[in-house]
Structure formats: C-alpha cells, structure tokens
2 protein chains.
Amino acid sequence: MTEHLRAHLQTAQEPAIFHFGSAMRDLTEGDWLALNNLPVLHRFVGRGRTLLREGDPVSRLRVVCKGWAVRSCRIDDERRQILDFILPGDIVGLHVDGHGASLADIEALTPCEVGEIEMKAVERLAIQSPGVASGLQDILVRHLAQSNDHLVRLGRMNAYERVCGFLSDIYTRQKDHSPGPVDFPITQTIVADALGLSVVHVNRQVMQLRREGLVTLNRRQLTITDPDRLADASGFRDRKFSHNRTTYLAAE
Amino acid sequence: MTEHLRAHLQTAQEPAIFHFGSAMRDLTEGDWLALNNLPVLHRFVGRGRTLLREGDPVSRLRVVCKGWAVRSCRIDDERRQILDFILPGDIVGLHVDGHGASLADIEALTPCEVGEIEMKAVERLAIQSPGVASGLQDILVRHLAQSNDHLVRLGRMNAYERVCGFLSDIYTRQKDHSPGPVDFPITQTIVADALGLSVVHVNRQVMQLRREGLVTLNRRQLTITDPDRLADASGFRDRKFSHNRTTYLAAE
DNA sequence: CGCCGTTTTGATAGCGCTCAACCCACGTGG
DNA sequence: CCACGTGGGTTGAGCGCTATCAAAACGGCG
C-alpha cells in the first residue's frame, strides 16, 4: 500500500475508528476498510461526569476522541487511587475482571466526546483479521507497560521524583503535535490521587519545581523548560522508562 | 466436547502446553490439538538466577512449570521494585516495550523448570485459532487486573494493609489445590521490595499479624488462620479486589 | 564449626500527612 | 455592580508513619 493511500484511508474516516486503528501497527488496507464498517455510537460526557462505573459490565469499547479523563478506584470515603490518564485518542474498556465488569471508574476531567464500538463486533473482526487481533494485543501490552512505570513510581520514588516523572509523562504523551506548552487540565488534587500523595505535599513539590525554574504550570497549561533535566530528576536512570515505554508508540 | 475428553486432552500433554492452554478459556478440542503441536524448549534455572533480563529481546514465551520467580525493576544500587510474583503455571514474556524488549528482570526465587515456546509460532497459531487469540488476550487482561490491585496497594494503603493484602493474595492464588498451609518461598526482603517498604518495617507488620494470631509464616510456609479477616484488614472494601480480580480465573 | 543471609528488636531521624488558615479566580444572583 | 459562595492553590506548624542505623539472635549450609 502506498503512503498516499494509507494517508487517505486514515483521514477519510470516523475519528473514533481513526484513533482505534492508529493505536495498532501494521494494519493492511483491508483491515482499515473493515474497521470503517464498525458502527460507532457517539456520546458526549460533561466535565466531572462518570463515563463508566466500577463494576459496570463493559460491552462496548470506548474511544475518547476529545477531552481528558481518568481511570480511578475509590477505596473508601477519603481514599482513591487514580490508575491512569486518558488523553484524546486513548481507548477505554479493556480493564475488566473475569466477568467483563469494569475494574474502575472512568471520570471526565473535561467535556469528552466518546465513540463507542461494540466489543462483540471488534472480536468478530479480530477473528477475520490478524492485523486487528495483534493490534488489540499491542494496545493491551502498552497498557501493561504504563502500569509498570506507575508501579515503580508509587513503590520506590519519593514525592519529588514522582511529580517530575508524572509531569514528564504528561508532557511526552502530547509532545508530538506541538512544541512549547501542552494541555494540562489537571488539578493538584488529581495529581495527588494519581501519585499517592496528599494535595498539600504535591503543592510543595510543584512550588519547588517552579523555584528551580523547571516548569511553569497552571490549571490549563504545562510548560517544561528543560525536558531532559526534568526526566533525569524523575529517578528513572537514563530516562529509559518514561521515554521508551509509556510513549513507545510515538517513538516509532 | 465431553468432560472426559477434555480431561484426557489436558492431562495428556506437555506441562508447559497444559498450563498455557489452561490459562485460556473456551478452547476447542482443535485448539488443544494445535497447541500440542507447538515445540517446547525446556530450561532449568537455579535459585537466584536470572531467567530474563530487562532490555533483553523476548522472542519466546516462558511458562514456569515448577518453581517461583519475581518480575522486578532495578532503579539504582539500593532501590528495586518487584512488579509481580510468578507461580507455577504462570506465563512470562508478555511485558515488553514497543521493540519487544523485556520491561523487567525475571529472577528465580526457587529452582525453576521453564518451558519456552516461540512467540512467532504462538502468533501463527493465534491467526488460525480464534480461541487461542482471545485466550492470549484473556491472559493480558488478567495481568492488567493484577497491576491494578498492586497500584492501589502501593498508592493508597498503609504498611499493615499492604502486608495483609499481599499475604491474602499469595494465599488465594494457591488455595485451589490444598487446604491448610501454602508455599511461601519468599524472604521479607522480597516482600519489602514488592510492597515499597523497608525490610525492617515489613518485619514489624508481620510480627504484629502474628501477635494478632492471623498468620503463621516462615521461609517455607504460610498459614492463614482466618482468610476473611485477613482480607478485610487489607483495606479493599468487601474483598472485591483480591477475591474477584487477581484470582478471578480460579473463581470460575 | 564458622560463615552468611535472614529475622528481630531498639533508638533515632525524616519524609510526607493532617489541620488550619488565607488567598485568589470565577461564577452566580441580588 | 457588588456580595457571596465555591473550588482550587499556597503556606505554616506539628505530628505520625516509615526509613535508617545498629546490634544481636537465628538458622541453614559448606
């Protein structure tokens, strides 16, 4: 398939399908055509609303086409853990238990546009198309890599390193499209719940980073002065993790 | 297929293949026959030896047929994080980056017998057999669920809850075969590196649990007096996690 | 027997939490 | 136009959970 044709196919379609297919590697022209036949249900979710609740049966795969969301577990009234951040183009609905029930809540950080695709239909497609089947596996494996990084962060990094690594990650995941500042629709409370810290302590680390001139950030935007230095400060030796792993698709 | 035939097929084969297939659901007779044709390379790994090193290209899937191992990341000279525990029957080699390189070291806690299967061969098989393809996905999804639990543990549980939850997990993962005590070839240093705590503090929590009469454990065996009480003490409301998730295959 | 890895215990220090207060930006309604 | 409420950010004081350091006991193994 020529590059030209591929580009045409990729841009010609439904955004949800485009993102879904783009997350896979080595799709053939036929795979793309088949993907395009998948029916997509559109939904809009307001900020703060729950897209999917823990324990809900997941029969549809969700592609978040616009907006940000988080996947989080509530432990009790005063504790919750944010498991990952969902950026535009990310896919939701793969974290399920043995009965197909969601392992966590998905909550919109900003208004979201979501495309929903029947899991059954995707599975049928995967049977016919090896490219889609292995693409699904790619997506799952990438989630595993992300969990890995987060586990190391929570288990063995101190507060300063956690914040550095987190900001570095969020930065790198968006860096492909635009130089300069990136979106950051995240409160410090959210950061705290993601990093297993208290809000107050997150704030102290952020203040520290500002004093050191490493970052500029507010509720809207994040600017990183020296990405390499920030990544170094995140504790992962030679930036191997956040650079090659969480964002390893972008690296190709 | 009759139960009798299934039982026959499952027991008639190579242990590595048996475990591999058993980790999947809804395999047809044909799937099992095809699995049995996969060539298996046998390896033996001594205690403390490294089965697979971080960064190594993973071209073969490993089934640990006998023995225990851990998957761990070294951060620097004095810090490491253990990401999960590999028990007999577990599958290794799915945690890879975008280039197929291992994300972590796999280290044998006890002497291990490992069956190695060419990834390429498995992929070829998955193309022909939908059961195997979706079985592979099952395995990946189960790993995701495990990571989830561990993330919550590291992010939002205190030392006591972490130890309770950990012991509870190890117990539940083996409980299907034998009542009473279960294997526990794990030093407190290993527990510490898994739970993001210091050895000394792990020991204090274990001592506490012993004083409370909840567990008996040494370097060989773990006995849990009242599994329900221990699970309650792990902080997960209604034992939903460790019960339904990490071990959700056993629940079926 | 002697070595070494592991477990246990005490004393001390420090990282990060809690509580509390204050500030700011923003939206809402009178 | 201003009063007010609300959500988020910032800062200080004090405490508690967990780490670190140190030492001793234990147990397996050559």
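Each chain gets a letter, A, B and so on, in the order the sequences are listed, and its residues count up from 1. All values below come from the heavy atoms of this structure, side chains included, with hydrogens, waters and symmetry mates left out.
If you run ring pair (Phe, Tyr, Trp, His ring centres under 6.0 Å) between B:Phe85 and each of B:Phe184, B:Phe166, B:Trp68, only B:Phe166 comes through. For the pairing with A:Glu107, the salt bridge (charged side-chain N to carboxylate O under 4.0 Å, His left out) check across A:Arg53, A:Arg47, A:Arg71, A:Arg80 returns one residue only, A:Arg80.
For the pair A:Arg62 and A:Arg43, the minimum side-chain heavy-atom distance is below 4.5 Å. Two residues are said to be in side-chain contact when any heavy atoms from C-beta on lie closer than 4.5 Å; B:Leu83 and A:Val152 meet this criterion.
Counting heavy-atom neighbours within 6.0 Å of B:Arg49 CZ, excluding the residue itself, gives a total of 12 or less. Few gaps surround CZ on B:Arg79; more than 12 heavy atoms of other groups in view lie less than 6.0 Å from it.
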Listed pairs, N/O of protein and of nucleotides 6-9 of chain C, under 3.5 Å:
{"from": "C:dT7", "atom 1": "OP1", "to": "B:Gln188", "atom 2": "N", "distance (Å)": "3.4"}
{"from": "C:dT7", "atom 1": "OP2", "to": "B:Gln188", "atom 2": "N", "distance (Å)": "2.9"}
{"from": "C:dT8", "atom 1": "OP1", "to": "B:Arg210", "atom 2": "NH2", "distance (Å)": "2.5"}
{"from": "C:dT8", "atom 1": "OP2", "to": "B:Gln188", "atom 2": "NE2", "distance (Å)": "2.9"}
{"from": "C:dT8", "atom 1": "OP2", "to": "B:Asn203", "atom 2": "ND2", "distance (Å)": "2.4"}
{"from": "C:dT8", "atom 1": "OP2", "to": "B:Arg210", "atom 2": "NH2", "distance (Å)": "2.9"}
{"from": "C:dT8", "atom 1": "O5'", "to": "B:Asn203", "atom 2": "ND2", "distance (Å)": "3.3"}

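From one end of the helix from C:dC1-D:dG30 to C:dG30-D:dC1 to the other, with five pairs defining each end axis, the axis direction shifts by 30° (rounded to 10°).
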A:Arg162 vs A:His201, test: side chain to side chain contact (heavy atoms under 4.5 Å, CB included). Steps then yes/no. CA-CA 11 Å; A:Arg162 291 187 208 188; A:His201 203 59; over 6 Å; no

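Between B:Arg74 and B:Glu54 no salt bridge is recorded (no basic side-chain N to carboxylate O distance below 4.0 Å).
Judged by closest nucleotide on DNA chain C, A:Ser198 is the one of A:Arg220 and A:Ser198 placed further toward the 5' end.
Note on A:Gly48: nothing from the nucleic acid sits closer than 4.0 angstrom, heavy atoms only.
Rounded to an integer number of Å, the gap from CG of A:Asp193 to C1' of D:dG7 is 15 Å. A straight line from CG of B:Leu197 to C1' of D:dC17 spans 11 Å, rounded to a whole angstrom. Computed from coordinates, the A:Asn158 CG to C:dC17 P distance equals 12 Å when rounded to whole Å. Taking atom CG of residue B:Leu109 and atom P of nucleotide C:dG5, one finds them 16 Å apart after rounding to whole Å. Per the geometry, CZ belonging to A:Phe184 stands 13 Å off C1' belonging to D:dG8, to the nearest Å. Atom CZ of B:Arg156 is separated from atom C1' of C:dT18 by 13 Å (rounded to the nearest Å). Atom CG of A:Leu217 is separated from atom P of D:dG9 by 9 Å (rounded to the nearest Å). Computed from coordinates, the A:His201 NE2 to D:dG12 P distance equals 15 Å when rounded to whole Å.
With sequence neighbours excluded, no residue forms a salt bridge (charged side-chain N to carboxylate O under 4.0 Å, His left out) with B:Arg204.
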